4 protein chains.
Amino acid sequence: MVMRTIIRSTGRKATFTEAARRAQIVECAIEAVCEFGYAGASLSRVAKLAGISKGVITYHFASKAEILEEAVAVVYERGAEFALRTRSEAFDDDADPRDALRAYLETNLAYIAAHPREINAVVEITRGHRDADGRPVFGSAWEEREVIEPLEELFREGQERGRFRDFSPRVMAVAVRRVIDGFTFQMLAHPDTDVAGFTAEVVALFEHATRAGSESP
Amino acid sequence: MVMRTIIRSTGRKATFTEAARRAQIVECAIEAVCEFGYAGASLSRVAKLAGISKGVITYHFASKAEILEEAVAVVYERGAEFALRTRSEAFDDDADPRDALRAYLETNLAYIAAHPREINAVVEITRGHRDADGRPVFGSAWEEREVIEPLEELFREGQERGRFRDFSPRVMAVAVRRVIDGFTFQMLAHPDTDVAGFTAEVVALFEHATRAGSESP
Amino acid sequence: MVMRTIIRSTGRKATFTEAARRAQIVECAIEAVCEFGYAGASLSRVAKLAGISKGVITYHFASKAEILEEAVAVVYERGAEFALRTRSEAFDDDADPRDALRAYLETNLAYIAAHPREINAVVEITRGHRDADGRPVFGSAWEEREVIEPLEELFREGQERGRFRDFSPRVMAVAVRRVIDGFTFQMLAHPDTDVAGFTAEVVALFEHATRAGSESP
Amino acid sequence: MVMRTIIRSTGRKATFTEAARRAQIVECAIEAVCEFGYAGASLSRVAKLAGISKGVITYHFASKAEILEEAVAVVYERGAEFALRTRSEAFDDDADPRDALRAYLETNLAYIAAHPREINAVVEITRGHRDADGRPVFGSAWEEREVIEPLEELFREGQERGRFRDFSPRVMAVAVRRVIDGFTFQMLAHPDTDVAGFTAEVVALFEHATRAGSESP
DNA sequence: CATGAATGAGACTTCATTCAT
DNA sequence: AATGAATGAAGTCTCATTCAT
């Protein structure tokens, strides 16, 4: 008997083995991108990492682009799920914005520390992946909307409530994001990084950078 | 009369026209990387941008790698030169470390604002460029040594002199660097960014983040 | 009870469902050839048209060639059967050759008008289908023997009986055949063609072209 | 010195050797299509026939489609040129339409007799060549306009002048065309065909088929 | 100095076919 | 009887590089 579980948007029915193969291929694609960079992540290398023939890949995916785009989606889903699982209470609308910022930094850095290679691969893909005309598939508008704007909103609200000093929410949001993204390289270059210590430093950095003037440390 | 100078380790002599051609090709390679990404920057596209045939390129450069590596070197040289030209006094050993930090941020952001495409290309190249085995040519060790360590040293000295609060010089250095690098994308995505305003915000951010507790802004 | 019949030289037994599947696959292959051309008629497309998996096809047929060859055979059988059913009397040995020619044209054009897509597919297959070395499977000798020679014989006999003028039976046979074959494209390009009118014109054409000089229309 | 002669529509300058290579490749593509059919005419086979590497082909042509389309254009140009060279006077507006028909048949059959393989290849290409979506590139509209309509016009005019009997100009035009096209297969299957005899027969066929009732042979 | 031409490796993809279930 | 899975050959095309002129 063959169990059918997932109906994918392509209309293809997916069995367990199909889902497993797809997952395996996506995982190996992530690994290949991390190991050889976006430009060096050929299907041959993905196949070799997976220990399968190249044909298997094109049997399960319509195109290389489909693999890469699924990889990005998968990693983002995992990240969102991780954030909810570990610190969802800090993202309630009525939570203290400073607690929210701290939680945001901590969950993001923790997730990166746990999965640096995935994150690195996603960064590579979102930077490198282009459509047939050479235009980026994951444009900056995408990051603005999904990543920057929510942070901006957090800062704006905190300022209205008097919890943050007066600064440009946008610039601060961009800065926070860049520091978080940069942690990926730190973890890749130094896998033995003291994550707790690094996180505490980053949290302190942004607490000093944002706190309202009258407040005590 | 034709001036001749040894310009490369290969020992090839270079005339003015040779140097000009090399410079032109490097410039077009930078443009190609910026436009199409590292993976999409083929020699064909570089040649088309330069309005020359592909053969010209391989006549002047031994390999594609040589072009890319020269591009990185050229842009870094320009950046260093720019920093010296505009604010060299701030980097004297006896300058106030807080002034030095401000100057560092301002010169870096100003340079990026003036040449965002070059910088972006260099980032793409340093991330994407690999040797035949897929190993990065511009490893993280290189950035550590050239970029992070000098910043670290600045912070350490400032702390010793009591000008900065007690934080991890390394984490702060990394954070500064990431925020600066991230400005490239800001400029590319929004070329009409208010550079002065953005810079002031970033300077304020790090002044708040680093200043010794008792100090007034 | 399951009826079993030997239907193929391979010796495989075939049940009704087997025969039905084979027929369905052959029909979809014809459709695929008509829609995408010989070169574009892959087993994937046949399977998709049939709403079955590719495996089903290779379960019922030893090779793609077997499908195509069966398609040709099936369509020819149908055509012959159609001719016999509609106008068998005209092909008796003692029928007037001019009536036979008229009947031949009418039955052929009527059959094409009724099944233009099948015929088109068969033409595509007989033209395009090759063995591994690239040699045509349905060579011209096959058409000569099956199609041209009977027509030639009709003309020769008509001339002997004084019913046709003196012309080359072979050239006339080839001409008749080409005009009939060409009607396929007419029907595909203009499905609303006035078949009766077109047929009358063609019949008139060849009556004028063949009739003995002294004869009145 | 390198002579530049032809500026092609792609904007590429063409040298003599470039033009020669392109011509050679087109010729070998025609040969490959004729030998292996449209579906079997791979670039590998074209390259093998030309005695060059596959890369040479893709250096001179942007795509396989470009080769095939150039092949069709080249052969049609040659045919038109041949017709003008041999019998241009018969196509004057005031020439006798019956002479024009005779000339049309004779020039077409003569050209086919001289170049049967080219013509066959063009027929294969126009039938088989599809765009990315599977739609024919050389649709029936193209043939209608370029080939059928001029013939129709010839017949219509001849009827107005009382030189032809009353028949459907369109059906007659289609018939003439099919007989001419069919001659290609005759020549390929029987290269030793008596061309003059075959032509005379075809001319007689259509003279009988078209001539006004009162006229003597 | 410059370039057009050629090459072969390797990219992605399609396909007919085989096989285990 | 059916099918999903896998495979490897072959297809078209891109690319960095080499070479003769």
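Below, read A as the first sequence line, B as the second, and so on, with proteins coming before strands; counting in each chain starts at 1. What you see is a predicted model, and the numbers here were worked out from it, not measured in a lab.
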For [X] and [N], what is the distance between atoms [atom1] and [atom2] respectively, to the nearest whole Å?
| X | N | atom1 | atom2 | answer |
| --- | --- | --- | --- | --- |
| D/K48 | F/dA10 | NZ | P | 10 Å |
| A/R22 | F/dG4 | CZ | P | 15 Å |
| B/L43 | F/dA16 | CG | P | 4 Å |
| C/K64 | E/dA16 | NZ | P | 4 Å |
| B/Y38 | F/dA16 | OH | P | 9 Å |
| B/F36 | F/dC15 | CZ | P | 11 Å |
| B/E66 | F/dA16 | CD | P | 15 Å |
| A/F16 | E/dA20 | CZ | P | 24 Å |

Between the protein and nucleotides 6-9 of chain E, list the N/O to N/O atom pairs that are separated by less than 3.5 angstrom.
unit_1: E/dA6; atom_1: OP1; unit_2: D/R21; atom_2: NE; d: 2.9
unit_1: E/dA6; atom_1: OP1; unit_2: D/R21; atom_2: NH2; d: 2.8
unit_1: E/dA6; atom_1: OP2; unit_2: D/R21; atom_2: NE; d: 3.2
unit_1: E/dA6; atom_1: OP2; unit_2: D/H60; atom_2: NE2; d: 2.7
unit_1: E/dT7; atom_1: OP2; unit_2: D/S53; atom_2: N; d: 3.4
unit_1: E/dT7; atom_1: OP2; unit_2: D/S53; atom_2: OG; d: 3.4

Within the structure, does a side-chain N or O atom of D/S44 lie under 4.0 Å from either OP1 or OP2 of F/dG11? yes

Distance check, rounded to the nearest 0.5 Å: C/F138 atom CZ versus C/R127 atom CZ? 13.5 Å

Measure the CZ-CG distance between D/F61 and D/L68 for me, rounded to the nearest 0.5 Å. 9.5 Å

What I want to find out is whether C/E27 reaches C/R22 closely enough, with some N-O distance under 4.0 Å, to be called a salt bridge. no

Both atom distances under 3.5 Å, Watson-Crick or G-U wobble: I'd like the secondary structure of DNA chain F as a dot-bracket string, with | for pairs made across strands. .||||||||||||||||||||

Are [X] and [Y] side-chain neighbours, meaning at least one heavy-atom pair lies under 4.5 Å?
| X | Y | value |
| --- | --- | --- |
| A/E118 | A/V122 | no |
| D/R21 | D/I52 | yes |
| A/H60 | A/E18 | yes |

When the nearest nucleotide of DNA chain F is assigned to B/A65 and to D/R45 on a heavy-atom basis, which residue is associated with the more 5' position? D/R45

At their closest point, which heavy atom of D/I25 faces which heavy atom of D/V46, and how far apart are they? O-CG1, 4.0 Å

Keeping the roles fixed (side chain from B/Q24, backbone from B/A50), state whether a donor-acceptor pair exists under 3.5 Å. yes

Exercise answer: donor-acceptor pairs, residues 28-38 of chain A side-chain atoms, under 3.5 Å, sequence neighbours excluded:
unit_1: A/E31; atom_1: OE1; unit_2: A/R117; atom_2: NE; d: 3.3
unit_1: A/E31; atom_1: OE2; unit_2: A/R117; atom_2: NE; d: 3.3
unit_1: A/E31; atom_1: OE2; unit_2: A/R117; atom_2: NH2; d: 2.6
unit_1: A/E35; atom_1: OE1; unit_2: A/R117; atom_2: NH2; d: 2.9
unit_1: A/Y38; atom_1: OH; unit_2: A/H129; atom_2: ND1; d: 3.1

